[in-house]
Amino acid sequence: MTSLRAERVTLGYGRTAVVHDVTLDLTEGGVGLIGESGSGKTTLARAFLGLLTPMSGNIWYGTQDLKKVDMRKFRGDVQPVFQAEALDPRMRVGSSVAEALPRADRHRVPDLLEQVGLTPDLATRRPHQLSGGQRQRVVIARALAVRPRLLILDEPTSALDVTVQAKILDLLAGLDTERLLITHNLAIVARLCRTSHVLFAGRVVESGGTADLLARPAHPYTLALREAVPKLGGEPPAARGRAEARPAGTGCPFRLRCPLAVPECERAPALREVAGRRVACHRAEDVLNA
Amino acid sequence: MIEVRDLQVRYGTRVVARVPELDVGAGECVAIVGESGSGKSTTLLSLLGLTEGADVSGHVSVCGVEVLQASPQQLRRIRGARVALVLQSPQAALSPTTRLGTLMRRALELHGITGPRGGGPETGGPETGGSAGSRKERSWKGRASKGGLERVMVEAVEAVMLDPEILRRYPHEISGGQAQRFAIALAIALGAEVILADEPTSALDVTVQAEVVGVLHGLREERGLALLIVSHDLALVSTIADRVLVMKDGEVVESGPAADVLTRPSHPYTRELLEALP
Amino acid sequence: MLRYLIRRLGQALLVVAGVVMLTFVVMRLVPGDPAVAFAGPKATPEQLAAARERFGLDDPLWVQLWNYVRDLVTGDWGTSLHTRQPVRDDLLLAFPASLELVGAALLLAIVAGIPVGVLAARYKTKFPDFGVRVASMLAVSVPVFWLALALQTVFASNLGWFPVAGEYDSSLDTTSPLTLWTNITVVDALITGNWPILTSTLRHLVLPTLVVAAYPTGVIAQMTRAMLIEEAGQDHARLERALGFGETSILTRFALRPALGPVLSLIALVFAYSIVNGFLVEAVFNWPGLGRYAASAISSLDTPAIAGVTLLVALVYVLANLVVDLLQGLIDPRVRPQ
Amino acid sequence: MTPPGTPPGTPPGTPPEASLSEAGPSEAPLRRTLPKITDRFAATGAVLIVVVAAAALLAPWLAPYPEDAVDPVNALLAPGAEHWFGTDQAGRDVLTRVLYGGRTSLFIAVSVLAVSAAVGVTLGLVAGYAGGWVRDVIMRVTDVFLAFPALLLSLMLAMVLQPSVTTVIVAIAVTWWPWYARLSASVAASVATRPYVDAARCLGVPAPVIIVRHVLPNSITPVLVQISLDAGGVILTAAALSYLGLGAQEPTAEWGLMVDQGQTLFTTNWWVVTFPGLAILVTAFAFNVLGEGLRNALDPRRVVR
């Protein structure tokens with residue numbers, strides 16, 4: 001297993017931090033990072049890819065700090081799959097895949113395309129001549145070209161139609177690489193990741209086994225996320241008018257939206273061990289029993 | 001409220017949507033479900049005559065107006081005032097340099113609305129709420145003569161659970177869910193009878209989506225608005241729609257009561273959609 | 001807001017510093033010894049040495065640069081070689097006249113260009129649009145000096161509708177002399193109620209203003225049109241249509257304001273450009289502005305004067321951009337600094 | 001994270017899923033009707049430019065008289081059968097001079113645009129891709145040159161160097177490149193944030209290769225449009241410099257110089273000034289029409305297509 005670990009990283013652009021003091025271990029069996037817009041999940045992905053240097057804290061690659069690592073080896077080990085626009089619109093998709101290969105290995109392009117379920121003749125097309133699903137397969141083929149051990153998947157299916165999503169997920173699930181999956185979609189995390197972390201406002205609020213986490217959330221936000229996913233033939237949702245409230249200052253970032261909020265929540269909760277997972281909530285026990 | 005027969009929308013020679021039959025009555029909620037390129041949004045926009053450059057044929061009647069035969073003036077009179085549109089991209093659908101309150105006031109003035117309509121559930125709020133509202137509206141611009149208009153605005157905004165303070169904001173200062181709820185508030189203020197929603201929540205987070213859908217559902221329950229929702233999310237529409245039309249490549253492949261379509265889909269594409277759900 | 005202002009001012013100062021350096025470098029490169037130019041061709045070696053001493057030409061280059069900057073900051077912009085006057089005083093007389101001409105032209109360009117742009121956008125792809133586009137392209141393609149000559153020949157020399165050249169009838173200087181306040185003739189005449197000079201100046205202004213205004217009017221109309229069409233294609237225009245607003249109302253009440261941001265930036269740019277463009281026009285109409293001053297400075301290799309004009313125009317450019325950047329926030333709340 | 005919508009304006013021939021970043025339906029009519037007119041604009045401009053360029057290139061064969069055939073006896077003849085555009089004060093055929101002048105103008109325009117685009121785009125791409133302090137430094141230098149009034153810097157340079165066509169080219173190019181630097185920097189900065197650039201970085205592709213292979217092709221369209229719009233401006237500036245006596249010198253045929261030399265004759269012998277002026281106008285107009293047409297047809301906002 002390629003060991004990649006974030007230790008107390010704070011990330012941001014300019015002087016504004018968007019990810020605060022996050023510690024994460026990419027362990028075996030797939031790791032999910034669940035968060036909605038503004039949670040800092042894509043920023044975290046860029047840091048894991050070495051595209052963004054932490055403002056503080058470290059990213060460890062094995063025993064080395066990512067800043068000091070031989071990037072050539074790292075690039076051969078860790079590859080991204082981004083959601084959209086991951087292919088140069090001016091380039092034939094075959095050339096995009098070939099870019100990942102040394103000149104002598106360019107003959108592997110057709111094989112790679114077949115490996116992701118595309119016919120090799122598509123190599124001469126440009127991205128806009130392909131469907132969204134086909135484009136995403138090309139992106140995966142390019143990432144696989146360097147035979148990476150870890151794929152960082154940033155919303156790999158969220159730009160696709162549902163029927164296409166399912167097929168791309170099948171493809172991803174069948175790959176023998178480790179993965180860090182970043183998404184807002186609980187269903188695909190359940191499918192691809194053994195452990196998951198829930199991000200809210202740039203902080204990890206809950207971590208644990210995916211199945212466990214979704215079955216019995218211990219953080220009110222995880223619970224709210226799960227409940228918000230519409231179920232076929234389910235009850236009409238009720239509006240409460242607070243889904244986007246973001247409190248200022250310190251304290252639990254979720255407190256204005258939290259149905260269980262108490263005065264204590266003005267104090268920022270630390271991550272603590274509750275029922276076999278880590279939760280940042282003063283009332284985790286109450287959420288579990290709810 | 002909406003009656004569509006043999007609607008066909010073409011760009012040049014390409015047929016992008018064909019709908020043999022679509023009816024939405026008062027207080028009803030109908031959903032058009034399909035993936036990208038299925039023609040569902042085109043269908044929706046053609047109901048207001050907003051598909052510029054397209055050749056639309058067939059019979060479309062909205063609030064008693066024959067849309068395809070109507071003059072631009074007739075169309076403009078029903079747009080907004082009787083039929084409201086909620087678009088997909090939340091903030092982008094609001095003019096960036098116009099305060100939300102200004103936009104709402106201009107729309108109200110355009111349709112000649114100067115104060116609360118007599119009777120009706122929308123003016124009969126509890127006494128305390130009303131006085132709180134009038135205090136807010138006065139502090140909002142401090143023009144007592146415009147009181148009637150302000151009252152309509154504040155009540156509409158409060159009906160979608162927004163703080164009236166939002167009327168002073170610019171679109172970039174509000175969140176996606178707030179923008180969508182404001183779009184619904186516009187419909188309430190103008191007294192629309194039909195709301196057409198084009199993927200109203202697909203740009204939003206799931207936790208926010210529930211709120212917007214909840215507001216739409218509430219309006220229909222409380223005020224008897226007709227609702228036509230276009231979405232790619234079968235599960236989402238199944239929670240609020242009475243009837244569902246499934247579209248693929250411009251054709252309606254299945255339609256019927258929501259319960260039937262979801263439990264006994266007759267078309268293989270509908271089955272595929274259902275199976276793709278988590 | 002304050003931090004933004006400081007940052008923006010710092011940027012502007014940096015640009016000004018760069019311009020000063022560049023001017024200095026170019027002036028050093030100018031062939032011909034300024035001492036010779038100052039002391040005259042028949043000067044004795046002693047006179048030459050004195051001139052060299054006076055201009056500090058024997059100091060190391062960086063000392064010269066330092067002195068140059070110090071002098072500029074303290075208001076000493078050097079002495080013109082051909083008028084023998086302090087450059088600063090020359091500029092204070094010439095610049096207001098240029099400002100008068102360019103100001104009038106830009107006013108005309110804004111008043112004409114923006115409505116015409118709106119008209120074109122409203123009837124896009126129809127005849128008014130086609131007409132506006134062709135006309136605006138002609139306006140930006142016409143060589144100003146040639147247009148100046150043509151208008152002068154036709155409307156002044158041949159038809160005699162307007163005066164041929166000058167800022168006002170110089171005989172008025174004796175009959176109703178003008179008290180100077182701002183050095184901008186129109187303004188001074190207005191303040192002091194000097195109607196003969198005011199009407200004479202306005203009559204003299206017509207032709208040069210038209211010529212200078214041609215280019216700005218064209219680009220402002222083009223930009224207004226393009227930005228409006230882009231705005232009207234945005235999602236918000238669809239919502240406004242769905243609310244029942246008509247096309248004209250969408251353009252003027254919702255699309256115009258966001259579209260004005262880029263137009264404003266363009267105006268700042270065109271302002272500086274027009275001052276320089278105005279040089280050619282001033283030459284033709286013998287307008288007593290910077291252009292005429294620069295032209296005579298060039299022909300006499302008057303480096304301090306040229307450097308002064310260059311610096312002044314660069315300063316105006318930087319200032320115009322600064323003002324426009326700060327104004328942007330008034331037009332578009334999105335760019336309002338927090 | 002934009003989920004699939006259903007834009008009705010999808011152009012024919014694109015697979016349905018390709019419309020993710022599609023424009024809304026309100027643009028559909030634009031796309032349907034504008035190309036008709038824009039193509040007409042672009043085509044008109046192109047035809048005009050071909051005509052002007054052909055007239056200039058073929059001047060030695062088209063011109064009825066040698067380039068500087070002085071003929072004082074026939075000075076200042078009005079346009080007629082012998083001399084369609086009349087003759088100037090030295091008795092030279094104005095039509096001939098106008099044709100030859102085109103060579104000078106087009107040569108200047110092409111040289112200036114090539115030099116300044118090469119310099120400006122290179123700096124701009126580096127600035128836009130690198131960002132941070134690199135961008136700050138390059139952009140501040142650019143700002144300084146932008147603040148310098150083009151015509152004035154040209155004037156100063158023309159004083160330093162001797163007035164000639166080469167001087168004009170150098171002088172204008174020095175003031176022209178910052179525009180391309182600024183434009184390409186802003187486009188490149190936005191291209192540099194695209195996932196396909198990140199993907200290339202993650203593959204370990206070196207920065208210069210990324211710039212050439214990905215950033216350049218995806219940011220060049222607006223620059224090309226700007227260049228075609230600018231050609232007219234270069235021709236006007238060059239003519240202005242020559243008009244001020246700081247550009248081309250006698251006996252070179254140059255339109256600005258011809259206007260300068262004939263300006264005192266405007267009232268009496270209009271043809272000496274009118275035809276070279278019209279030549280400048282027509283050429284600048286042709287480039288502007290082409291640029292306008294291209295701008296609309298290529299629509300910089302839709303770089304992807």
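The sequence lines fix the lettering, A, B, ..., with proteins before strands; numbering per chain opens at 1.
- Among B:V212, B:V215, B:V213, B:L216, the one residue that satisfies the side chain to side chain contact (heavy atoms under 4.5 Å, CB included) test with A:P237 is B:V213.
- Between A:R257 and B:T207, the closest side-chain pair of non-hydrogen atoms falls below 4.5 Å.
- Ranked by heavy-atom pairs shorter than 4.5 Å toward chain A, the options B:A258, B:S175, B:G176 are led by B:S175.
- The CG atom of A:L232 sits 5.0 Å away from atom CG of B:L262, with the distance rounded to the nearest 0.5 Å.
- For A:Q165, no part lies under 4.5 angstrom from a heavy atom of chain B.
- With a 4.5 Å cut-off on side-chain heavy atoms, B:S238 and A:K231 do not count as touching.
- Using a distance-only test at 3.5 Å, with no hydrogens or angles considered, a donor-acceptor pair links the side chain of A:E36 to the main chain of B:V206.
- The number of heavy-atom neighbours closer than 6.0 Å to CZ of B:R271, taken from other residues, nucleotides and ligands shown, is above 12.
- A distance-only check finds a donor-acceptor pair linking the side chain of B:D205 to the backbone of A:S37 [under 3.5 Å].
- Heavy atoms of B:Q178 lying under 4.5 Å from chain A belong to its backbone as well as its side chain.
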Quiz item: Should A:E235 and B:T239 be marked as a side-chain hydrogen bond (donor to acceptor under 3.5 Å, both in side chains) after you check the CA-CA gap, both sets of side-chain angles, and the distance that decides it?
Solution: CA-CA 5 Å; A:E235 286 298 303; B:T239 61; over 6 Å; no
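- Within the 4.5 angstrom heavy-atom criterion, atoms from both the backbone and the side chain of B:E272 approach chain A.
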